[in-house]
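The structure presented is a predicted model; accordingly, all values stated were derived computationally and were not measured.
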Amino acid sequence: MPDSNKYYITTPIYYVNARPHIGHAYSTIVCDILARRNRLLGNDTWFLTGTDEHGQKIERSAKAAGKSPQLFADEVSAQFRSLWDRMGLSYDDYIRTTEPRHKRGVQKLFAELQKRGFIYKGSYSGQYCVFDELYVDTPPGVPCPDCGRPTDTVMEENYFFKLSAFERKLLEHYEANPDFIRPESSRKEVISFVKSGLRDLSVSRTSFNWGIPVPGDQKHVIYVWLDALANYITAVGYSSDAPEDIAKFEKYWPADLHLVGKEITRFHCVYWPAFLMAAGLPLPKSITANGWLLFEESKMSKSRGNIVRAETIIDTFGGLKPDIPKADQDLFGADVLRYFLLREIPFGQDGSFSFDALWGRYDGELGSRYGNLVNRTLTMIRNYRQGLVPAPRGIVADGKPVHSMVPEATAAFVNLTNVAYEQLELSVTLASFVAQCIVIDGYLAMWTPWKLATSSDSESQTTLDDVLYVAAESVRVITALVYPIIPEAASKVWQQLGLGKFKDGKTEKWLPGEYEQLLQWGGLKPGTKLGELGLIFPRAEKDAIKRMQDIEEKNAPAYKPVPTPIQEITATPVSAAAETAPPTPVSLNAVTPAAPPAAIAAPIGTASPTSESLNASSPAAPALSPTITIDDFAKVELRVAQIKVAERIPKADKLLRLEVDLGYEQRQILAGIAEYYTPESLIGRKIVIIANLAQRKMRGLESNGMLLAASLGEGDKPVLAGFLEDVPLGARLK
């Protein structure tokens, strides 16, 4: 029987077609935080990460680099592992899909599925997206519906998995286990996909050979997603008959949490549980999807040229502490990155990264709030009480402790934080952490211990003891709570409090209940001698922003995207009408760039361009719709909304069903953009809608509004209207 006191957590295994960036770091940091948290709770924790190294994309990437696939995979996988080690991530195992233990396990799983009658031989003819390693149901020449890249036409003999046999079983499992897929937007999308009908899945390839051979049929290699998904069981002993591996598998499987990117929920929430059901193995307890990390409003990717490396942040902020060993600098820089990502991005949603915001969180919260609170509290104890934690006297007035405000607020903070950790609301944890720092700061400002210290009367000195103890004890509790998120900084605060080394949970185990007891008020013993004091968070000047930007510019010149030529853009509303009729443009005119001044545009020694020559090379002005009056425009109510739910509508190729939040209400809108946007790419996005459009019904569903978008190019590809600034939901456009 599985151990109820165990916790098995996994990251996605990262594809080795390119070096790691902070999007990869984000997923791994979240898993590390949850692993550390569970170790504190006394759970026997196993934290797995690793790399996915097979498939046609790797084979092509290696060829382009002039290397063998194995050498290429070795080098990139080493970059991932090296970065995780620099950051002090506490993984227990690092699986590579090129390892013998994994190969044995995948072949064992394939053979088991075949023996149970769920794999048969056939042939496949259709489109394949090499980038996503995904079979797609599109005609030749049509881009991949998930990533928009060209697909390959594939005609080859394959083995097929009977995925269609599991449609009902999957839906029953989703219904019986509402937390199996999180967040709710991913759950709805997966259910909609399964309800639309499942086809049998090709699980082998013959057109290339960089993969694990099918047992007994060497000309076939196992489909990369069957190969990759099996890592979660091969890493805990599925492939082995050794008694210790059998015991390990029985102990840790099923996994408690698979953390994945939202773009791979289908593979994890449909294919993976179907494979496990077919093999007679238990299913993981929960599969949770995190959002994308956006840079300048675009998902980070090599093809877009907007990758931000974690090393840039680690080096810049670690460099604020030049007098400590390089390994400790790295851990401090990693703490800054950890704090920012979890503070800035509500888990499960897309989040934006910018160097300005990173610096702002560091300077305004870690430095000015937490760091300053620790420094001033402990410095006063050193100066006024010879570095010894004073004994509180418990002053009472009207039957109530005078200094009860902060202990009560701290107890509430403990309860809120415990719930937030359980629900993966890590940004809530840190928002509460900042709020508690503000409470303690306010307490100190109210009692002015620096003034009490100048009074020699016994009442002032007794009050000073109470104030200093309450502030120091509050610092102790909030530091213990925030340890999983900023372990290096929290450990340093712990030492300054005179409490020695904070147990990491790996080398020194926590007993069940021990951590909860640590969070009880009064754990800081009077008379405790403080450790050596020093700034935990040195000041970072704002020029750190420019330094990080310069480092990224220097390190990623090859990733610059090719500029897109200026195209004619007209604003077009996108709605259910796109399913049956061409979109009707609204009267927002295209903007034509002004011609540059002649003195700048013409090279020295040539004639200035005439208006005729400029016009000859410029696109023709688009034909304009008939003019309208301001009263006509005022009738259209444009408002800002945010997409909360997006899912495909069965048997409607062009339609998506959206649930949007206007701040004051939520609405359902049907939009004819399914050919251009995947549902998962829309969650959390702020858009513009026509809010006062009459309701209409399509496919038995009501649509209450219309999206606003630009129509781009000859194919009238829609591009949703949005904002660079943070605009509140429900705001009206005028």
Side-chain angles (χ1 to χ4, degrees), residues 13-17 50-65 67-77 94-126 128-135 152-163 200-242 245 249 267 271-272 274-276 278-281:
I13 54 172
Y14 302 109
Y15 213 43
V16 295
N17 63 312
T51 44
D52 179 4
E53 303 177 16
H54 287 137
Q56 194 170 8
K57 183 163 58 172
I58 301 300
E59 187 176 68
R60 291 183 179 181
S61 297
K63 184 176 181 180
K67 299 173 182 178
S68 70
Q70 186 64 63
L71 177 60
F72 183 83
D74 288 345
E75 291 177 350
V76 180
S77 181
Y94 186 98
I95 185 79
R96 297 181 58 190
T97 59
T98 51
E99 292 181 54
R101 61 170 172 162
H102 179 72
K103 176 180 176 180
R104 289 194 301 269
V106 171
Q107 290 183 322
K108 177 180 176 179
L109 178 61
F110 191 98
E112 183 67 22
L113 297 176
Q114 200 169 26
K115 183 179 78 174
R116 288 169 172 258
F118 291 107
I119 287 181
Y120 62 92
K121 185 179 280 190
S123 62
Y124 176 81
S125 177
Y128 188 82
C129 175
V130 175
F131 182 85
D132 291 325
E133 297 288 4
L134 174 68
Y135 295 95
D152 290 357
T153 300
V154 174
M155 291 178 287
E156 58 185 351
E157 180 183 82
N158 296 97
Y159 284 93
F160 284 81
F161 171 72
K162 293 181 180 179
L163 182 64
D200 289 356
L201 177 69
S202 173
V203 288
S204 76
R205 301 291 306 277
T206 56
S207 56
F208 66 96
N209 57 19
W210 180 239
I212 297 173
V214 167
D217 197 345
Q218 297 291 306
K219 74 174 182 177
H220 287 258
V221 296
I222 296 172
Y223 176 45
V224 66
W225 273 106
L226 174 55
D227 171 351
L229 289 164
N231 89 90
Y232 303 127
I233 55 176
T234 63
V236 288
Y238 175 74
S239 60
S240 174
D241 294 326
D245 289 330
F249 184 75
F267 302 100
Y271 301 166
W272 180 227
F275 293 153
L276 292 169
L281 294 172

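Taking a cutoff of 4.0 Å between a charged side-chain nitrogen and a carboxylate oxygen, R116 and E112 qualify as a salt bridge. Between R60 and D152 there is a salt bridge, since a side-chain N of the basic residue sits under 4.0 Å from a carboxylate O of the acidic one.
Among the candidates R205, K121, E157, the single residue satisfying the side chain to side chain donor-acceptor pair (under 3.5 Å) test with H220 is E157.
Here the shortest heavy-atom pairing between D245 and S240 reads OD2-OG, 2.7 Å. Here the closest heavy-atom approach between residue S202 and residue F160 is recorded as N-CD2, 3.7 Å.
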Donor-acceptor list for residues 231-239 side chains, cut-off 3.5 Å, not counting sequence neighbours:
| residue | atom | partner | partner atom | Å |
| --- | --- | --- | --- | --- |
| N231 | ND2 | A228 | O | 2.8 |
| Y232 | OH | H268 | NE2 | 2.8 |
| T234 | OG1 | H102 | ND1 | 2.9 |
| T234 | OG1 | A230 | O | 3.4 |
| T234 | OG1 | N231 | O | 3.4 |
| S239 | OG | R101 | O | 3.0 |

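Between the S61 side chain and the N17 main chain, no donor and acceptor come within less than 3.5 Å of each other. For N158 (side chain) and G122 (main-chain N/O), no donor-acceptor pair under 3.5 Å exists by modelled atom type. A side-chain donor-acceptor contact under 3.5 Å links W210 to the backbone of E53.
The distance from the NE2 atom of H54 to the CG atom of N209 is 10.5 Å, given to the nearest 0.5 Å. D52 contributes atom CG, which lies 4.5 Å from atom CD1 of I13 (distance to the nearest 0.5 angstrom). In this structure, Q107 CD and D227 CG are separated by 10.0 Å, a value rounded to the nearest 0.5 Å. Atoms CG and CG, from L226 and L201 in turn, are 8.5 Å apart once rounded to the nearest 0.5 Å.
The aromatic rings of W272 and F275 stand perpendicular to each other, their planes meeting at an angle above 60°, with 30° marking the opposite boundary.
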Would F110 and V203 count as a side-chain contact (heavy atoms from CB on, under 4.5 Å) if you check the C-alpha gap in whole Å, the side-chain angles of each, and the deciding distance to 0.1 Å?
-> CA-CA 9 Å; F110 191 98; V203 288; 4.0 Å; yes
Check step by step if side-chain hydrogen bond (donor to acceptor under 3.5 Å, both in side chains) holds for Q70 and S68.
-> CA-CA 5 Å; Q70 186 64 63; S68 70; over 6 Å; no
